[in-house]
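Since the structure comes first, as structure tokens, the remarks are kept for the end.
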Amino acid sequence: MLQRTLLLAPAAALLLVLAAAPAAGADPRPIAPQDVVTAALAGDARVQGANWDLLAAQAKAREAELRRLPSVSLSAGYTRLSDLPISLSLAGLNFSFPSLDNAWSVGLNLQYPVFAGFRLRESARLAQVQAQGQEIAAEMIRRALVFEAQRAYWEALRASENVAMLRESLALAAQSHDLVSQQFTHGTAMRVDVLSAQARRDQATMDLQAAVDAQKRAFWNLAYLVDGTAQAPGTQAPTQAPAAETANARVPTAADPSAGYVAPYVLAVKPEPVADARFPTLDEARLIAQALSNRPEIRAAGLTSAAADIGRKIAEAPLYPTLAVTGGLLYADPNPRVAFQTDPNLFTATWQVGVSLSYDLGGLPANLAGRDAQVDATAKSRSDEKRQREVVILDVESSLLAFQQARGEYLLVSGMIEQARENERVTAQRVAAGTANDLDQLASRIARLKIEFAISNKLIDEQIAAADLERAAALAPLP
């Protein structure tokens, strides 16, 4: 019952997730990173498959353990015999026995390998190790899925933020083009200035189109994790939209590629700087020690070495003799061990007990070669285990470096926003005083927008890097 909970509990959670899934045309629902993680763990096919593999491995482990018990078989048979009277001559006297027309038998046989080179014991151990390996494999999938879900959320948020910022950038580029066109009309700008402004507007349009496509792909990926479908339930507004903006869609225009697209989810959690309390330590040595202690890959590599060692012992089993105890009980009419049985209604019971000792001499060369091959496989598994430790250490070091780099870049970029805002304010004053024009004002707004764009992306980079560091060092427990 406890094992079936592995599948029934996620299934129940998945029903709740699907019940809350938005229908086509429904308003977007709020969602947070933890919601994505919970839904992904409940409904992802990889988790379900890993759980089934675990149940199968546990069943095989129980089967291997039960095979150590004595083998008991029960048999029954009936045979119709041809009519064949028996005649016997003894000391000049002739004796005639009637033919037995029917033969009945019931048998009970027992066989128990007392010693088989530890084959049965080691096979049971190997099955147990393989079941533990499947459990660790399921944990590896769940941990990887937690990071995948968090990254999918932040990438969807990044795509949405990029669309919003590039939409504003397109509006500013369009205003700049209009101003340059007016200046050209009044003779204060040249044709090359108009073409340059038009090129900037067209480039902003293409950038926005690329951002919208990236947003759709990001929400498709998010929808697959949340609702189990590769098609996000986003909608496209009709061509004729209301003149005013709504909460979910903008008025479609020819110059705005993002017009009318409604994202299927409202991303409720916005990126913020990662708090120091999220990580108990950022000391590299401690993080590596934590990873080597908790990462399932390390435990899986250790189990692989243990399985190889058990496989070596199984390969050595044929080098030992096999000792078995046998027994049987036969209740038959006629019983082959009873001579001259002529009574057709007489059942006779007999029993037997025996001991057998065997050794495979002809297979000795092949068994030795198999043992040597398994010894080499055991040495390779030890090497792979060491290599896995090195991979985990490198993973922690790379993730820590990426997190520190993302944090440093955010701190560096965030310090530029005040300067950009001040530049925009001063430019506005210069425009009011007549010492600057509207193009200067637009340029200052674009500069400020680029800084905000960079800050938003660096915050998301820091969130993803933090989630990756938690994965690499196995800091966060599984939900």
Side-chain angles (χ1 to χ4, degrees), residues 32-42 44 46-47 50-51 54 132-158 221-222 225 269-306 381-412 457-479:
Q34 188 57 43
D35 299 329
V36 183
V37 171
T38 302
L41 292 177
D44 191 86
R46 290 166 291 180
V47 176
N51 289 339
L54 174 57
Q132 295 175 17
Q134 288 297 336
E135 185 176 359
I136 293 176
E139 180 185 348
M140 291 168 59
I141 291 176
R142 289 168 62 85
R143 286 190 176 276
L145 191 58
V146 168
F147 171 66
E148 182 181 343
Q150 292 177 326
R151 181 173 59 184
Y153 176 90
W154 293 117
E155 291 295 349
L157 181 61
R158 183 203 303 275
N221 187 32
L222 192 63
L225 294 171
V269 178
K270 302 303 179 183
E272 294 182 356
V274 176
D276 293 336
R278 182 169 176 176
F279 295 99
T281 179
L282 289 178
D283 180 71
E284 181 177 304
R286 292 184 180 180
L287 291 174
I288 291 175
Q290 177 87 1
L292 295 177
S293 176
N294 294 341
R295 281 281 290 267
E297 292 88 344
I298 297 297
R299 286 178 279 135
L303 281 180
T304 300
S305 297
S381 67
R382 300 294 182 190
S383 176
D384 291 342
E385 183 179 3
K386 181 180 178 181
R387 172 59 181 166
Q388 183 62 59
R389 292 176 62 89
E390 296 173 351
V391 169
V392 169
I393 292 174
L394 180 61
D395 189 19
V396 174
E397 292 174 340
S398 300
S399 299
L400 178 60
L401 180 62
F403 173 70
Q404 292 173 336
Q405 180 179 356
R407 170 173 283 188
E409 290 178 351
Y410 163 71
L411 294 175
L412 180 64
N457 277 275
K458 294 305 178 183
L459 276 175
I460 293 175
D461 288 341
E462 186 181 10
Q463 289 289 341
I464 295 176
D468 191 36
L469 181 58
E470 288 178 334
R471 174 203 59 79
L475 296 176
L478 281 174

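Atoms considered below: every heavy atom in the structure, side chains included; atoms not considered: hydrogens, waters and symmetry mates. Numbers for residues simply follow the sequence, beginning at 1.
- To the nearest 0.5 Å, atom CG of residue N51 and atom CD of residue Q134 are 10.5 Å apart.
- Counting heavy atoms from C-beta on, the side chains of R295 and D395 come closer than 4.5 Å.
- Within the model, atoms CD of E397 and CG of L287 stand 10.5 Å from one another, a figure rounded to the nearest 0.5 Å.
- The side-chain hydrogen bond (donor to acceptor under 3.5 Å, both in side chains) check on D468 picks up S399, R471, with sequence neighbours excluded.
- A donor-acceptor contact shorter than 3.5 Å is absent between the side chain of S293 and the backbone of A289.
- Put simply, the side chain of W154 reaches to within 4.5 Å of the side chain of V269, judged on heavy atoms.
- The two residues L469 and L475 have their closest heavy-atom pair at O-CD1, 4.4 Å.
- What you find for I464 and E155 is that their closest heavy atoms are CD1-OE2, 3.3 Å.
- Around atom CZ of R286, no more than 12 heavy atoms belonging to other residues, nucleotides or ligands sit under 6.0 Å away.
- The shortest side-chain heavy-atom distance between E284 and V396 does not fall under the 4.5 Å cut-off.
- Within 6.0 Å of atom CZ in R389, 12 or fewer heavy atoms from other residues, nucleotides or ligands are found, so the atom counts as exposed in its surroundings.
- We find the CG-CD distance between L54 and E139 to be 11.5 Å, quoted to the nearest 0.5 Å.
- When side chains are defined from C-beta on, F279 counts as touching V274, because their heavy atoms get closer than 4.5 Å.
- When every heavy atom of T304 is checked against every heavy atom of S381, the shortest pair comes out as O-CB, 4.2 Å.
- Salt-bridge check for D461 with R158: passed, with a basic side-chain N closer than 4.0 Å to an acidic carboxylate O.
- Among all heavy-atom pairs drawn from L292 and V392, the shortest one is CD2-CG1, 4.2 Å.
- No more than 12 heavy-atom neighbours from other residues, nucleotides or ligands sit within 6.0 angstrom of CD on E272.
- The neighbour count for R387 CZ, taken as heavy atoms of other residues, nucleotides or ligands under 6.0 Å away, does not exceed 12.
- Q132 pairs by the side-chain hydrogen bond (donor to acceptor under 3.5 Å, both in side chains) definition with nothing, not counting sequence neighbours.
- Contact record, L459 with P273: CD2-N, 3.5 Å, taken as the closest heavy-atom pair.
- Taking CZ of R143 as the start and CG of L41 as the end, the distance is 11.0 Å to the nearest 0.5 Å.
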